[in-house]
Novice: 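Dumping the structure here so I can ask a few things about it.
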Amino acid sequence: GAGAGSGSAAVAPGDTAPLHHDPTAAVADNLNYNGHPLQKYPVYWGGILGLKNDRTRVHMHFVSGSTDVARGALPSHLDEASILLISQRMRLEPTQLDGVSRKMLQEAEHAVLVAIPTGGSEMESIHNQQVLMHSFINYLGGKQAAGIVNVTAPGAPSPTFVIHIFPPCDFSKTMMLQCAPEVSAAMLDTPHLLIVIATC
């Protein structure tokens, strides 16, 4: 692990940052993302994303913001697969989105990642892609909402981070253009979720 003081350093595109946690780190991605512009950004987290009764395995590529925020918010259980369960929804309304945008103006108060499906075999990868499309992207898009995960640090009296999970929408496309313009066009044809983690 990095020493104190170096954890919030920005991860430059192309750097091979160590995974925060991914029990399948050694498993190759089978969805032909080789050569995809997103591969320039390091995979920072891998695990299970859950919504209602559906589960899919994803890799999250770190795009911008603070690695300290990402490390503090994302689960790390080294003895089993990490699971991130979406428990609430946030309407994609201007007042809600303005709050997220304001956090994103503060480098140390947010982190932006892009989640794409993965799997240990081609069949599993294709299945996870289908689940991501139907049970996450289409569901959240149909509700005009982002998924929300509130994270409370150990010993804290109230939530310390909010993880916003956006389906492709006008807001996510704008954020992609701002944070990673060189991959924004390629993401239009790539099933994905935009992850914005903000401090409370």
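Throughout, numbering of the chain's residues begins at 1 and tracks the sequence. Here the structure is a predicted model, which is why all the values come from computation and not from measurement.
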Novice: Checking Val162 against Met90 for the side-chain contact (heavy atoms from CB on, under 4.5 Å) test, could you report, in this order, the C-alpha distance in whole Å, the side-chain angles of both residues, the deciding distance, and whether it holds?
Specialist: CA-CA 11 Å; Val162 180; Met90 179 190 82; over 6 Å; no
Novice: Could you report the tightest heavy-atom contact between Gln106 and Arg102, atom names first, then the distance?
Specialist: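 For Gln106 versus Arg102, the nearest heavy atoms are NE2-O, 3.6 Å.
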Novice: Over all heavy atoms of both residues, which pair between Leu177 and Ser184 is shortest? Give the atoms and the distance, please.
Specialist: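 Shortest heavy-atom contact: CD2-OG, 3.3 Å.
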Novice: So, taking the atom named CD in Glu182 and the one named NZ in Lys40, what distance separates them when rounded to the nearest 0.5 Å?
Specialist: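 That separation rounds to 4.0 Å.
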Novice: Are Leu188 and Lys173 side-chain neighbours, meaning at least one heavy-atom pair lies under 4.5 Å?
Specialist: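 Leu188 vs Lys173: side chains touch.
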Novice: State which residue, out of Ile197, Val69, Leu113, Ile86, fulfils the side chain to side chain contact (heavy atoms under 4.5 Å, CB included) condition with Ile163.
Specialist: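 Between Ile163 and the candidates, side chain to side chain contact (heavy atoms under 4.5 Å, CB included) is satisfied uniquely by Ile197.
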Novice: Are the side chains of Phe166 and Leu97 in contact, using a 4.5 Å heavy-atom criterion?
Specialist: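 Leu97 vs Phe166: side chains touch.
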Novice: For the OG atom of Ser87 and the CG atom of Leu51, what is their distance to the nearest 0.5 Å?
Specialist: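 Here the rounded value is 10.0 Å.
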Novice: Looking only at heavy atoms, what is the nearest atom pair of Ala153 and Thr160, with distance?
Specialist: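 Scanning both residues completely, I find the closest heavy atoms to be N-OG1, 3.0 Å.
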Novice: Just by distance, do the side chain of Trp45 and the backbone of Ala115 share a donor-acceptor pair under 3.5 Å?
Specialist: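 Here the side-chain-to-backbone pair does not exist.
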Novice: Is there side-chain contact between Leu85 and Val149, with heavy atoms separated by less than 4.5 Å?
Specialist: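 No, side chains not in contact.
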Novice: Could you go through the side-chain contact (heavy atoms from CB on, under 4.5 Å) check for His110 and Ser64 one step at a time?
Specialist: CA-CA 8 Å; His110 82 284; Ser64 69; 4.3 Å; yes
Novice: Measure across Gly119 and Asn128 and return the closest heavy-atom pair with its distance rounded to 0.1 Å.
Specialist: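 Gly119 and Asn128 have their closest heavy atoms at CA-ND2, 4.1 Å.
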Novice: State whether the side chain of Arg71 and the backbone N or O of Ser66 hold a donor-acceptor pair below 3.5 Å, judged by distance alone.
Specialist: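 Side chain of Arg71 to backbone of Ser66, a donor-acceptor pair under 3.5 Å: no, none is there.
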Novice: Hey, does Gln178 have a side-chain heavy atom less than 4.5 Å from the side chain of Val112?
Specialist: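 No. Closest side-chain heavy atoms not under 4.5 Å.
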Novice: Is the shortest side-chain heavy-atom distance between Cys179 and Met104 below 4.5 Å?
Specialist: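 Yes, side chains in contact.
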Novice: From Leu132 CG over to Tyr139 OH, what is the distance, rounded to the nearest 0.5 angstrom?
Specialist: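 Reported value, rounded in 0.5 Å steps: 15.0 Å.
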Novice: Please collect all side chain to side chain donor-acceptor pair (under 3.5 Å) contacts where either partner lies in residues 188-200, sequence neighbours excluded, each pair once.
Specialist: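 Every pair satisfying side chain to side chain donor-acceptor pair (under 3.5 Å) with a residue in residues 188-200: His36-Thr190, Lys103-Thr199, Glu109-Thr199.
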Novice: Quick one, Leu49 and Ile165 - any side-chain contact, counting heavy atoms below 4.5 Å?
Specialist: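 They are in contact (side-chain heavy atoms under 4.5 Å apart), so the answer is yes.
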Novice: Starting at CZ of Phe136, measure out to CZ of Arg55 and round the result to the nearest 0.5 Å.
Specialist: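 It is 7.5 Å, given to the nearest 0.5 Å.
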Novice: If you count the non-hydrogen atoms of other residues, nucleotides and ligands that lie under 6.0 Å from CG in Asp98, is the total more than 12?
Specialist: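 More than 12 heavy atoms, drawn from other residues, nucleotides or ligands, come within 6.0 Å of this atom.
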Novice: Do Pro191 and Ile137 make a side-chain contact, defined as non-hydrogen atoms from C-beta onward lying under 4.5 Å apart?
Specialist: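 Yes, side chains in contact.
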Novice: How close do Thr152 and Ala156 get, counting heavy atoms only, and between which atoms?
Specialist: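 Closest pair (atom of Thr152, atom of Ala156, distance): CG2-O, 3.4 Å.
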Novice: If you compare all heavy atoms of Leu140 against all heavy atoms of Pro167, which two are closest, and at what distance to 0.1 Å?
Specialist: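 Smallest heavy-atom distance, with atoms named: CB-CG, 3.8 Å.
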Novice: Taking side chain as C-beta onward, heavy atoms only, is His164 less than 4.5 Å from Ile195?
Specialist: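 They are not in contact (no side-chain heavy atoms under 4.5 Å apart), so the answer is no.
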Novice: Let me confirm one number: the OH-CG distance from Tyr44 to Leu74, rounded to the nearest 0.5 Å.
Specialist: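 So the OH of Tyr44 and the CG of Leu74 are separated by 7.5 Å.
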Novice: What distance do Thr118 atom OG1 and Glu124 atom CD have between them, rounded to the nearest 0.5 Å?
Specialist: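 Here the interatomic distance stands at 7.5 Å.
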